[in-house]
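Take a look at the structure set out below.
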2 protein chains.
Amino acid sequence: MTDSPPAPPAPEKTASPGPARSRREQIHEVASRLFSERGYHGASMRDLAAELGMQGGSLYAHISSKEALLIEIVEGAARQFEAALLDLASDPRPADTRLREAMARHLTVVADNLESATVFFHEWKHLSPEAYARVTQWRDTTEAFYRELVAQGIREGVFRADLDVKMTANLILSAVNWAYTWYRPGGRLSPREVASRYADLLLGGLRPPPQEATP
Amino acid sequence: MTDSPPAPPAPEKTASPGPARSRREQIHEVASRLFSERGYHGASMRDLAAELGMQGGSLYAHISSKEALLIEIVEGAARQFEAALLDLASDPRPADTRLREAMARHLTVVADNLESATVFFHEWKHLSPEAYARVTQWRDTTEAFYRELVAQGIREGVFRADLDVKMTANLILSAVNWAYTWYRPGGRLSPREVASRYADLLLGGLRPPPQEATP
DNA sequence: CCTACCGATCGGTAGG
DNA sequence: CCTACCGATCGGTAGG
């Protein structure tokens, strides 16, 4: 054996189980944080490299471009939302039960991925046209999911018949999405508890239930 | 007549009535649009100057720095929110009526200032420490306003006694703030109509009212 | 993964 | 408000 080449940089490949993450995963993780804190254009590749203990140019041994990094972060978030809601579209339970579950899952994705969710909500407009179109597609699918859920609830009779389907879906989406601005891990309530309180509020309303004359 | 000096750049000074806006106001307006579309770091001063038909360096005859521009846009938005809600804190009407009015005003500020509202929500973290502190202060005041409104509603008996005050305020804020992502002028509903539907939903809930046995 | 570097662009200034 | 320019920094590449 003569001069051995530089040690191959670990398993590489895709998501390996256990706490040992590949360099690519580390890059994505730190990039999500920097992009969420400083914005896509406000975070430089040299900042990113420095946090990983390497030189700016060395990043390009692992990724092809800054924009590819953004695309992967945003689409990764989109896929998580999609995966969380997909099977609920064909769930046979009543719409109010499914609304509770959808909000819990949606809010859990936000809370468990605060950084990439923030990048998703703030930076998706800076994507190239193709990636932009895919994310728009995703948004439309999610909106359609909640509108269909509301419409089904009306048909089932578990929701009021006079609901404005579009505005109701918008209100639900506001609740679960806006959480990225205020939810912080370690707070008083878990994501499911937040979702449960939100669902209680949305389903029952703020007004007291009509009182049967207090004796 | 020989070579006349370049025409003095119009009235200058502060907000003039009528459609003729000062150069400073034009700069603020275009900057709000560019910052909202491309982000603060993604929009360059040369982009801004080009849209106003001038050279990059010429902007500095009107403003002191890019960051001063951001500060003024963000604080301008904060002041608008504050002005819209301020007198409602001491309004004597019942809490449900005041909630309707607060949501209508809040949503109107968002809808009538979509660009600066977007800059406000996305870029306030990039402010210098002093401006950052002032905006944080504003956020706290607004949250406190909605929490107090909810708490008063409970005391008055117009809201359920078992409400989680903080989560209820968060839900209200989610609805009115998130509108910056989807509301577009010229749509089906005016800001007040959106707010009215949201308030109906929040006050009455999604569930049908308890039915007196259909005859 | 590093050194060394590329052209482009950034916010901002001097002097008119 | 323009011309001309400053130093700094940007994303990215060549060659090892």
Side-chain angles (χ1 to χ4, degrees), chain A residues 2-12 20-28 30-32 34-35 37-74 119 123 126-128 131, chain B residues 2-13 20-32 34-35 37-74 119 123 126-128 131:
Chain A
T2 52
D3 53 337
S4 51
E12 267 293 355
R21 291 149 311 149
S22 73
R23 208 59 168 147
R24 261 187 79 93
E25 287 172 320
Q26 289 179 46
I27 292 172
H28 273 73
V30 177
S32 293
L34 290 184
F35 290 175
E37 287 173 356
R38 309 181 196 176
Y40 173 65
H41 289 110
S44 77
M45 296 304 273
R46 283 167 178 80
D47 293 339
L48 175 55
E51 297 238 10
L52 292 158
M54 57 171 92
Q55 298 299 316
S58 305
L59 283 169
Y60 293 86
H62 299 97
I63 60 158
S64 61
S65 72
K66 189 184 186 186
E67 193 185 354
L69 204 46
L70 176 63
I71 291 175
E72 286 164 32
I73 291 168
V74 170
V119 176
E123 314 292 347
H126 304 143
L127 292 171
S128 63
Chain B
T2 53
D3 53 337
S4 52
E12 267 291 358
K13 275 299 168 193
R21 290 147 312 146
S22 74
R23 210 57 169 147
R24 260 188 79 93
E25 287 171 321
Q26 290 179 46
I27 292 173
H28 272 74
E29 194 175 306
V30 177
S32 293
L34 290 184
F35 290 176
E37 287 173 355
R38 311 181 195 177
Y40 174 66
H41 289 111
S44 78
M45 296 304 274
R46 283 167 178 82
D47 294 339
L48 175 56
E51 297 238 10
L52 291 158
M54 58 171 89
Q55 299 299 315
S58 305
L59 284 169
Y60 294 88
H62 300 96
I63 59 158
S64 61
S65 71
K66 188 183 186 186
E67 193 184 355
L69 203 45
L70 176 63
I71 290 175
E72 283 163 34
I73 292 168
V74 170
V119 176
E123 313 294 346
H126 304 145
L127 293 171
S128 64

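Chain letters run A, B, ... following the sequence lines, proteins first, then strands; residues in each count from 1. Predicted model, so just to flag it, every value in this text is computed and none were measured.
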Nucleotide nearest B:A61 (side chain, heavy atoms from C-beta), chosen from C:dC1, D:dC1, D:dG11: D:dC1
Spacing of B:L69 atom CG relative to C:dG11 atom C1', expressed in whole Å: 12 Å
Nearest-angstrom distance from the residue atom CG of A:L52 to P of C:dC1: 9 Å
Validation row: A:L69, A:L59 side chains within 4.5 angstrom (heavy atoms): no
Nearest-neighbour nucleotide for the B:S44 side chain, C:dC1, C:dG11, C:dG12 considered: C:dG11
Interatomic distance where NE2 belongs to B:H41 and C1' belongs to C:dC10 [whole Å]: 11 Å
Spacing of CG belonging to A:L70 relative to OG belonging to A:S128, to within rounding of 0.5 Å: 9.0 Å
Whole-Å gap separating C1' (C:dC1) and CD (A:Q26): 14 Å
B:D47 CG to C:dA8 P, straight-line distance once rounded to whole Å: 17 Å
Spacing of A:R38 atom CZ relative to D:dC10 atom C1', expressed in whole Å: 14 Å
Donor-acceptor contact below 3.5 Å, side chain A:E51 vs main chain A:V30: no
Check: B:E72 and B:I63 side chains under 4.5 Å, non-hydrogen atoms: no
Residue among B:E25, B:Q26, B:R24 satisfying side chain to side chain contact (heavy atoms under 4.5 Å, CB included) with B:H28: B:R24
Side-chain heavy atoms of B:V119 within contact of B:Y40, under 4.5 Å: no
Phosphate OP1/OP2 of C:dG12: any B:Y60 side-chain N/O under 4.0 Å: yes
Nearest-Å distance for atom pair CG/P, residues B:L34 and C:dC10: 12 Å
Sugar-phosphate only, base, or nothing, as touched by B:A43 at under 4.0 Å among non-hydrogen atoms: sugar-phosphate
A:E123 and A:H126 side chains, donor-acceptor separation under 3.5 Å: yes
Touch class at under 4.0 angstrom, heavy-atom based, for A:G57 against every strand present: base
Whole-Å distance separating the CE atom of B:M45 from the P atom of D:dC1: 14 Å
Under the 3.5 Å Watson-Crick or G-U criterion, the dot-bracket string of DNA chain D, with | for inter-strand pairs: ||||||||||||||||
5'-most by nearest nucleotide on DNA chain C - A:Q55 or A:R46: A:Q55
